[in-house]
Amino acid sequence: MNSLQQTLTLAWRSLLQLRRNPWELMDFSIQPILFLLLFLYVFGGAVAGSTEAYLDFILPGVIVMNLVFVTVYVGHGLNTDLTKGVFDRFRALPIARWAPLAGRILADMVKQAWCVLLLLVVGFLLGFRLGAPAAGVLLMLALLLVFAFAMSWIMVLVGVMARDPEHVQLFGFTALFPVTFLSNVFVPLETLPPFIRAVVAANPVSLLSEAARGLLSGGPVFEPALWSLVWAAIITVVFAPLSLWALNRRLARS
Amino acid sequence: MDEAIRAEGLLKQFGATRALDGIDLSVPRGTVLGLLGPNGAGKTTAVRILATLLAPDAGKAWVDGYDVATEAAAVRTRIGLTGQYASVDEKLTGRENLVLIARLLGFSRRDARSRAGELLAEFGLEEAAHRPIQTYSGGMRRRLDLAASLVGRPRILFLDEPTTGLDPRARLDLWNLIRQLVAQGTTVLLTTQYLEEADSLADEIVVIDQGRVIASGTSDQLKARIGGQTLVVAPERDADLDTAYAIVTELAGRAPEVDGSRLRVPVTDPSLVPVVVRRLDEAGIVARELTLRGASLDDVFLTLTGRHADVESADEAVEVTP
């Protein structure tokens, strides 16, 4: 069996966990829908005048916000494997050194794709209609997954550094809340006070949301997409080596 | 001699703690080595190095003739590992865990399923096969851990404290499974805190403390150094302590250690117990406690190092009520 198959097998294992754990499956299904419904019906009238008008704006935003939150599960799963000893079991097997980590990240990409598609379907049921070519959906998915992959490296670091899975979640969400809320996910950039506008405009979450909006409803795509990719590249270049270094250090420590 | 496992001068330091301070080991093919020691003695570190999970700071080790540092991939194809840290996925079922490992080892889908079925039957886990591991009892969990390390039919098996925390019944079950593996020719390196476990499974025992080997030999050789058993007598009334002391001294042939109202003395002849009971009875002494127990790791330690060992209590006491 080659290392690619080993990675696929380990990804399959991570997804299989979901089938045995309805609660976790709900995290990936009910939670994003709940986000969408809450923001749509609570803020729609105030922000856009009506929920119908807000849907076009908030659907891509919630897709991006959810994407960012779900990356926490990479760290959570990795930390569980490290603390419970599953990771060492794999390391003692004659398989590729990177397969366990790659399998986990790959499985996470599948979960991410599931969340995005689920939100799109629910959006359509609520009345959302594409305002751009349908191929935009695929481009958006690809762009989102590239960014999620980059974010995974941050979460690998969190997963390696944290004492237990609960701390991964605590730290992950605490760090990600301000990042997602200081963005244009919920409200247009123009409505924000000038002094935080620059920060919000440069936030990759804003850029990604803007690109997603462009690809689904029409509007500028190239520039925000490009900057999202630049962010993804920077995050990967910084955090991938750092995470692997921290992982090897943790493995050599006990 | 044909060696399955060999280690020379293994040294490992974690920060300021020296986990291994020059350990030599040699395990002939088809035999069981018991690595005996208290918490923090370095047992787990030694196993992790031999199983290629950790690099030693100094020293060399070979498993099945392959260097664990430079030929780790070859070592990994030959070993099975079970321990507190090398564990299975709690969220998957027993069968899924075994199939997963078989698939990772290169079994086809069908072979993986049949190998998993074989092991589940062999380990008495067929009924629980479809349940997630988190619903398993401690004993079932250890059996599945062991099964998971046997998927690839390794000839060399590392068992790191395989029965710690198990009840006596589950422990005996696991011992029997290990004996079967040994009978099939598997070489086993077993770490334990229980002298009784090393005694019952191992051909040779190595006692380690603070990263060093402090004694080694067969179980009988060790017992000859330590004394076989300990007699504990505690009279109901403190006033009887002196009389009891005199009786125990006379029968055991040596003065007991006084520990509160308890008298403790090493003995070699178990038939002494009924005699002690009769003599105490004749003297009109009622015993609150009268126990003969096998030597524990703590006794080994007390004898070898003069210190008590930091172990979880594993006294298999034989209580006698007069």
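The figures here come from the full heavy-atom set of this structure, side chains too, leaving out hydrogens, waters and symmetry mates. Values in this document were obtained by computation on a predicted structure and should not be read as measured data. Reminder, nothing fancy here: chain letters follow the sequence lines and each chain counts from 1.
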Notebook entry, point to check: Checking heavy atoms, do the side chain of S108(B), its backbone, both or neither come under 4.5 Å from chain A?
Noted result: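 Contact with chain A is absent: no heavy atom of S108(B) under 4.5 Å.
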
Check: Which atoms of A19(B) come close to chain A, meaning under 4.5 Å heavy atom to heavy atom: side chain ones, backbone ones, both, or neither?
Finding: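 Interface part for A19(B): neither.
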
Check: What residue among L53(B), D160(B), D145(B) forms side chain to side chain contact (heavy atoms under 4.5 Å, CB included) with L81(B)?
Finding: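 Between L81(B) and the candidates, side chain to side chain contact (heavy atoms under 4.5 Å, CB included) is satisfied uniquely by L53(B).
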
Margin query: One pair to check against side-chain contact (heavy atoms from CB on, under 4.5 Å): R76(B) and L93(A). What are the steps and the verdict?
Written below: CA-CA 6 Å; R76(B) 290 184 196 117; L93(A) 293 175; over 6 Å; no

Next item on the list: Using a cut-off of under 4.5 Å on heavy-atom pairs, state which of R91(A), R253(A), R19(A) scores highest against chain B.
Entry: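 Counting heavy-atom pairs under 4.5 Å, the top option is R91(A).
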
Item checked: Contacting moiety of I95(A), where chain B heavy atoms sit under 4.5 Å ->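 Side chain of I95(A) only, per the 4.5 Å heavy-atom cut-off to chain B.
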
Check: Who among A55(B), G80(B), A148(B), A72(B) has the most heavy-atom pairs with chain A under 4.5 Å?
Finding: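 Counting heavy-atom pairs under 4.5 Å, the top option is A148(B).
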
Next item on the list: May I ask you to name which of V75(B), T52(B), D89(B), V151(B) has the most heavy-atom pairs under 4.5 Å with chain A?
Entry: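 It is D89(B).
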
Check: More than 12 heavy atoms of other residues, nucleotides or ligands under 6.0 Å from CZ of F171(A): is that the case?
Finding: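 At most 12 heavy atoms, drawn from other residues, nucleotides or ligands, come within 6.0 Å of this atom.
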
Item checked: Pi-cation contact, Y194(B) with R171(B) (under 6.0 Å, within 45°) ->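 R171(B) over Y194(B) ring: yes.
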
Checklist line | Carboxylate-amine/guanidinium proximity below 4.0 Å for R48(B) and D88(A) | finding: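 The answer is yes: the pair qualifies as a salt bridge.
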
